[in-house]
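Inspection log for the structure reproduced underneath, given as structure tokens.
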Amino acid sequence: MSTLIVTAKGHVMFSKDLLEHLGVRPGEKIAVGKLPDGRIELKAAKPAERISDVFGSLRTKKRAVPFRSTT
């Protein structure tokens, strides 16, 4: 078990080993949940996927055929 030190400003620094175990990189967030008996649970806070992230992922090399009215 690791021991962390709290600074005067209330900051806590995690070792590289713990961050790698969580799968967290610099700039990413960590979700903290309060548990009974003064314990906490830490999880990597993965951002929710946005629909805009998949736009263009199904592109083909074929060109679209324009629609022509028959009337």
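This one's a predicted model, so the numbers in the text were calculated from it and none came from an experiment.
In this structure, the side chain to side chain contact (heavy atoms under 4.5 Å, CB included) partners of S2, at least two apart in sequence or on a different chain, are L18. Under the side chain to side chain contact (heavy atoms under 4.5 Å, CB included) criterion, I5 pairs with no residue, sequence neighbours left out.
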Which donor-acceptor pairs under 3.5 Å do side chains of residues 19-27 form with protein atoms, sequence neighbours excluded?
none

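Heavy atoms only, all atoms of each residue included: A31 and A45 are closest at N-CB, 3.8 Å.
If you chain together ILVMFWY residues whose side-chain heavy atoms come under 4.5 Å of each other, M13 ends up in a group of its own.
A single hydrophobic cluster is not seen to contain both L42 and L35; linkage of ILVMFWY side chains at heavy-atom distances under 4.5 Å, directly or through other members, places them apart.
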